[in-house]
2 protein chains.
Amino acid sequence: MAEAAHLAIGDLARLTGTKVNTIRFYEEGGLLPQAERTASGRRIYRDADTKRLAFIRQSRNLGFPLDAVRELLTLADDANQPCEAVDRIARVHLAEIDRKIADLSALRSELSRVIGSCSHGTVADCKIIETLAPHTDG
Amino acid sequence: MAEAAHLAIGDLARLTGTKVNTIRFYEEGGLLPQAERTASGRRIYRDADTKRLAFIRQSRNLGFPLDAVRELLTLADDANQPCEAVDRIARVHLAEIDRKIADLSALRSELSRVIGSCSHGTVADCKIIETLAPHTDG
DNA sequence: ATACAACCTCCAGTTACTGTAGGAGCAAGC
DNA sequence: GCTTGCTCCTACAGTAACTGGAGGTTGTAT
Ligand SMILES: [Zn+2]
Ligand SMILES: [Zn+2]
Ligand SMILES: [Zn+2]
Ligand SMILES: [Zn+2]
C-alpha cells in the first residue's frame, strides 16, 4: 500500500520510457486526459495515467498508428463488450504490415538485381546508373 | 529532328508521371536546376530536364531517399570516375531496406501471435487487450 | 542566497510530398 | 474584343509521430 500519491511528468516519463515532450504531445492529441495541475501549473499523474500511457506505448511498439490506439483505448474501457472491434483493428494493422513487407521485398529484389549487375568500371559503364537513367534506345 | 523546343511544367509532369507541385518541390530542393522562365514568368524545360527528372523518379521508385538521389545525380554527371561511390550508396540503401524488412517481420510475427491468442469473448477477457495493458501480476 | 534541475509554453524541424487559396496568363470561340 | 476555362504563378498548411530547442518560471539542495 506504499504507493506514491502522484508523479511529476519526468517520473512518468522514466517509468514508461517515454520522452517528456511525447507525454505532452499525447495529452494534446487526446490520448491522455488533460493532466491535473499543481498550484504552479505543473502536471500531476496517478497510477491510472501510468497504466494508460503504458497501454499507448505497448500499442505503439506493436506498430499501431495513433488513430488505432485511440480506438483501442476506447474499446479497452468498455470491458463487457465483445472484442470483435479489437480484433478487427488488429487484423487491419496486420494486413497493413503485410503490405509494407511485400512492397519492401519487391523493392529489395529489384535493387539487389541492379546492384548485382554492376561490373565496377567507370560511371559511364555503370549498370546502376544505366538503370536509373532514362533509356534513349529505339 | 522534329523535337519540341521547350516544354511547360505541365508537359514535363505528364511526360514523367510527376505532379506539377512535385517538380517545383524538386527545383526548390536543388534536384532540378532553376528553370528558365518565359517573359511572363512561366517555367520552361528542355530535354535535359526531362532526362534529369526521369532519373530522379526512377531513383525514387527504387526507394532512394532524396539525399541519396542528389548524390547519385552528381556522380552520374562525372562519367569518367569509378562507380564505387554509386555502388556504396546502393548497398547502403539495400541494407536499410533489409533492416526495415527485418523490423516489420518481427512486428508481424508478434502481432500475429497476439491476434491468434484471442478467443473472441468480451473485452475483459481479450488477450489482445491484455497484451497491450500493463501486467499487474506479481 | 545561489545554483541547478525540472518544469512550463510555444514553435520549428524531420520526409517527401500534396492540396489549396488567391491571383495572373493564355488560347479558343463568339 | 470579350468571356470561358485551363494552366500557370507564389505561398502556405497539412500529413505521422514525434523531437529538440528557446526563453522563462519553479522547486530543491546546499
Ligand atoms: Zn561498381
Ligand atoms: Zn557501378
Ligand atoms: Zn476476438
Ligand atoms: Zn479479443
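Sequence lines set the chain letters: A, B, ... in the order given, protein chains first and strands last, and positions in each chain run from 1.
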**Request:** Determine which pairs satisfy side-chain hydrogen bond (donor to acceptor under 3.5 Å, both in side chains) with at least one residue from residues 52-65 of chain A, sequence neighbours left out, and list them in order.
**Result:** A:Tyr26-A:Arg57
**Message:** A quick test of your reading: do over 12 heavy atoms of other residues, nucleotides or ligands sit less than 6.0 Å from CG of A:Asn80?
**Reply:** no
**Where B:Ala90 and A:Leu111 come nearest, the two heavy atoms and their spacing** = O-CD2, 3.9 Å
**Request:** Compare every heavy atom of A:Asp49 with every heavy atom of A:Ile44, then report the nearest pair and how far apart it is.
**Result:** O-OD2, 4.5 Å
**Sub-4.5 Å side-chain heavy-atom contact between B:Ile97 and B:His93** = yes
**Prompt:** For the helix from C:dA1-D:dT30 to C:dC30-D:dG1, what angle lies between the axis at the first five pairs and the axis at the last five pairs, to 10 degrees?
**Reply:** 30°
**Fill in**
Applying side chain to side chain donor-acceptor pair (under 3.5 Å) to A:Glu96 and not counting sequence neighbours gives A:Arg99
**Asked** Can you give one letter per nucleotide of nucleotides 16-25 of chain D, 5' to 3': B if a protein heavy atom sits under 4.0 Å from the base, S if only from the sugar-phosphate, - if neither?
**Response** -BBBBB----
**Request:** For DNA chain D, determine which residues of residues 88-109 of chain B have any heavy atom closer than 4.0 angstrom to one of its atoms, and list them numerically.
**Result:** none
Donor-acceptor contacts, no H, no angles, side chain residues 62-76 of chain B, under 3.5 Å, sequence neighbours left out:
| from | atom 1 | to | atom 2 | distance (Å) |
| --- | --- | --- | --- | --- |
| B:Asp67 | OD1 | B:Arg70 | NH2 | 3.3 |
| B:Arg70 | NH1 | B:Gly29 | O | 2.5 |
| B:Thr74 | OG1 | B:Arg70 | O | 3.1 |

**Asked** Between atom OH in B:Tyr45 and atom C1' in D:dC9, what is the gap in whole Å?
**Response** 12 Å
**Complete:** Residues pairing under ring pair (Phe, Tyr, Trp, His ring centres under 6.0 Å) where one sits in residues 96-118 of chain B, two or more places apart or in two chains, turn out to be none
**Request:** Identify whether any heavy atom of B:Arg37 sits under 4.0 Å from a base atom; if not, whether one sits that close to sugar-phosphate; answer base, sugar-phosphate or nothing.
**Result:** sugar-phosphate
**Item:** salt bridge (Lys or Arg N to Asp or Glu O under 4.0 Å) pairs, two or more places apart, involving residues 109-122 of chain A
**Value:** A:Glu110-A:Arg113
**Asked** Pairs in or reaching into residues 27-39 of chain A: which pass side-chain hydrogen bond (donor to acceptor under 3.5 Å, both in side chains), with residues at least two apart or in two chains?
**Response** A:Glu27-A:Arg43, A:Glu36-A:Arg46, A:Thr38-A:Ser40
**Request:** Give a yes/no on whether any side-chain N or O of B:Arg43 is located under 4.0 angstrom from OP1 or OP2 of D:dC9.
**Result:** yes
**Request:** Under the side chain to side chain donor-acceptor pair (under 3.5 Å) rule, collect the residues that match up with A:Thr122, sequence neighbours excluded.
**Result:** A:Asp125
**Request:** Apply side chain to side chain donor-acceptor pair (under 3.5 Å) to A:Thr50 and list each qualifying residue two or more places apart in sequence or on a separate chain.
**Result:** none
**Leading and trailing nucleotides of DNA chain C with any atom under 4.0 Å from heavy atoms of chain B** = C:dA16 to C:dC26
**Request:** State, to 0.1 Å, how close A:Val86 and B:Cys126 come at their nearest heavy-atom pair, and which atoms those are.
**Result:** CG1-SG, 4.0 Å
